[in-house]
Protein chains: 2
Amino acid sequence: MRLSSLADYAVVLMSAAARHCGATARLNASVLAAETGVPLPTAQKLVSRLSAAGLLQSARGTGGGFRLARPAAAISLADIVEAVEGPIALTTCVDHERDDCALDHHCSVKPHWGVVNQAVRSALANVSLVQLSTAPAASAQRLKVLA
Amino acid sequence: MRLSSLADYAVVLMSAAARHCGATARLNASVLAAETGVPLPTAQKLVSRLSAAGLLQSARGTGGGFRLARPAAAISLADIVEAVEGPIALTTCVDHERDDCALDHHCSVKPHWGVVNQAVRSALANVSLVQLSTAPAASAQRLKVLA
DNA sequence: GCCAATCGGAACAGATCGGTCCGATTAGCA
DNA sequence: TGCTAATCGGACCGATCTGTTCCGATTGGC
C-alpha cells in the first residue's frame with residue numbers, strides 16, 4: 001500500500017513540468033532534475049517512461065527536450081502512476097482476470113477487490129496536475145470522502 | 001500501487017476466520033491454511049502478525065488457536081492491511097511528518113498527498129469483514145465513488 | 001559534413017518481500 | 001506431579017523487484 005519512489009518522483013517532475021508549461025520552450029531532463037532535486041539519471045529514466053506512456057512529447061537532438069503532451073488539466077495522478085508502475089491493481093486477480101491466483105477454487109473475497117480497486121483508482125484519477133499547483137483545499141473538496 | 005501478497009493472503013485468512021466465527025471453537029493456523037490454500041508457514045507468519053496487531057486473540061498450548069478479537073463488523077480491510085504492511089501511506093512524507101524527503105526545500109505536491117492518502121484509506125476502511133462474505137453489490141453501494 | 005547535445009535502453013547494486021525453519025510456551029493426560 | 005504433545009512466536013535465508021548508474025543511438029545546429 002505504498003507508492004514506489006519512482007512514481008512519487010514522477011509526480012514531482014510532472015508538476016514541475018506543468019508549472020513551466022507556460023513557457024512554450026521545451027524542458028530537458030537536466031533542468032527538471034535540478035529544479036526538483038531528483039537525481040539526474042533517475043529523472044532521465046522517468047521522463048523516458050512518461051513519454052513512452054504518452055504523457056510527455058519528446059524531441060531529440062540539440063535543443064530538444066520534453067513538453068506536456070496534453071493540457072495539465074487532462075493529466076491525472078492515476079495517469080502518472082500507471083505510466084510508471086503499470087496498471088493500478090491492488091491484487092493480481094484484478095487486472096489479469098485469469099485465475100492464476102494460487103488459492104482455492106473460488107476465493108470469496110475476489111469479487112470485492114474490483115470494487116475497492118475502482119474506488120482507489122478514482123481517488124487518484126480525480127486529482128489533476130493543475131490541482132497539484134493550487135491550494136490543497138481544492139482537491140480536498142473534490143475528494144470529500146465516503147464517510 | 002499494489003498490495004503485497006502477504007496482505008492479500010491475510011484478507012483471505014481473516015475472511016475464512018470470520019466465516020467460522022459462528023463456531024466458538026478456536027481455529028488453528030493449520031485449519032486456516034488448509035481451507036484457504038495459503039501455504040502453512042506463511043499462514044503461521046500472518047496469524048502471528050495479525051494477533052500482534054490485536055485483530056486476533058491467540059491461545060497457546062494444546063487445543064489452542066486463534067479467534068477474532070472483535071466482531072467481524074468492526075474489522076475493516078484497512079485494519080488488516082495496516083496490520084500486515086504497516087500504516088497506509090502512499091508516500092514516505094505522509095506518515096513521518098519529518099522532512100526526510102530528499103527533494104528540494106518545499107515540495108509543492110506534498111500538501112496534496114495527505115488528502116489523497118486519506119481518500120485511499122477510506123476506500124479500504126469502509127469495507128468490513130462481513131461485507132467480504134456477502135454479495136459484492138453491497139460494498140459497491142457504499143463505495144459509490146467520487147465521479 | 002562534422003560536432004555537440006539529448007534521448008533511449010541495457011547492465012549493476014541494494015533493499016524489501018516472501019518462504020522456511022527451529023525454539024519457547026502451555027494445556028492435557030497418565 | 002511430571003511428562004508429552006501440540007501450538008504459537010520469532011529468527012534466518014533465498015529470490016524478486018525496485019532504484020541507480022552507465023553507455024550507446026539519434027538528431028538538430030554550425
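- Distance CG (Leu56(B)) to C1' (dT7(D)): 15 Å, rounded to an integer number of Å.
- With rounding to whole Å, Asn28(B) atom CG is found 15 Å from dT26(C) atom C1'.
- Ser30(B) comes within 4.0 angstrom of nothing in the nucleic acid, heavy atoms only.
- Using a 4.5 Å heavy-atom threshold, the side chains of Leu3(B) and Glu85(B) count as touching.
- Comparing Pro41(A) and Ser48(B) by the nucleotide of DNA chain D whose heavy atom lies nearest to each, the residue mapping closer to the 5' end is Ser48(B).
- Taking atom CZ of Arg2(A) as the reference point, atom C1' of dT18(D) lies 14 Å away to the nearest angstrom.
- Within the structure, every side-chain polar atom (N or O) of Ser51(B) is placed at least 4.0 Å from both OP1 and OP2 of dC8(D).
- Atom NZ of Lys45(A) is separated from atom C1' of dA13(C) by 14 Å (rounded to the nearest Å).
- Nearest to the side-chain atoms of Thr42(B) among the listed nucleotides dG19(D), dG19(C), dC7(C) stands dG19(C).
- Distance Met1(A) CE to dC17(C) P: 14 Å, rounded to the nearest Å.
- The Ser4(A) side chain lies nearest to dT18(D) when the options are dG8(C), dT18(D), dG18(C).
- Nearest-nucleotide assignment on DNA chain D puts the 5′-proximal partner with Ser58(B), out of Arg60(A) and Ser58(B).
- Taking 4.5 Å as the limit, every side-chain heavy atom of Tyr9(A) sits out of range of all side-chain heavy atoms of Thr36(A).
- Taking atom CZ of residue Phe66(B) and atom P of nucleotide dT7(D), one finds them 11 Å apart after rounding to whole Å.
- Residue Ala29(B) is classed as a sugar-phosphate contact, given heavy-atom separations below 4.0 Å to backbone atoms only.
- Using a 4.0 Å heavy-atom distance criterion, Ala59(B) is classed as a sugar-phosphate-only contact.
- What separates CG of Leu40(A) from P of dC7(C) is a distance of 9 Å, to the nearest Å.
- Inspection of the Ser5(A) and Asp8(A) side chains reveals no N or O donor paired with an N or O acceptor under 3.5 Å.
- Rounding to the nearest 0.5 angstrom, the gap separating the CD atom in Gln44(A) from the CG atom in Leu32(A) is 11.0 Å.
- The side chain of Thr62(A) has dA5(C) as its nearest neighbour among dT18(D), dG28(C), dA5(C).
- Between Glu82(A) and Arg121(A) there is a salt bridge, since a side-chain N of the basic residue sits under 4.0 Å from a carboxylate O of the acidic one.
- Position along DNA chain C of the nearest nucleotide to Ser5(B) versus Gln44(A) favours Gln44(A) as the more 5'-ward residue.
- Spacing between atom CD of Gln57(A) and atom C1' of dC7(C) amounts to 15 Å, rounded to whole angstrom units.
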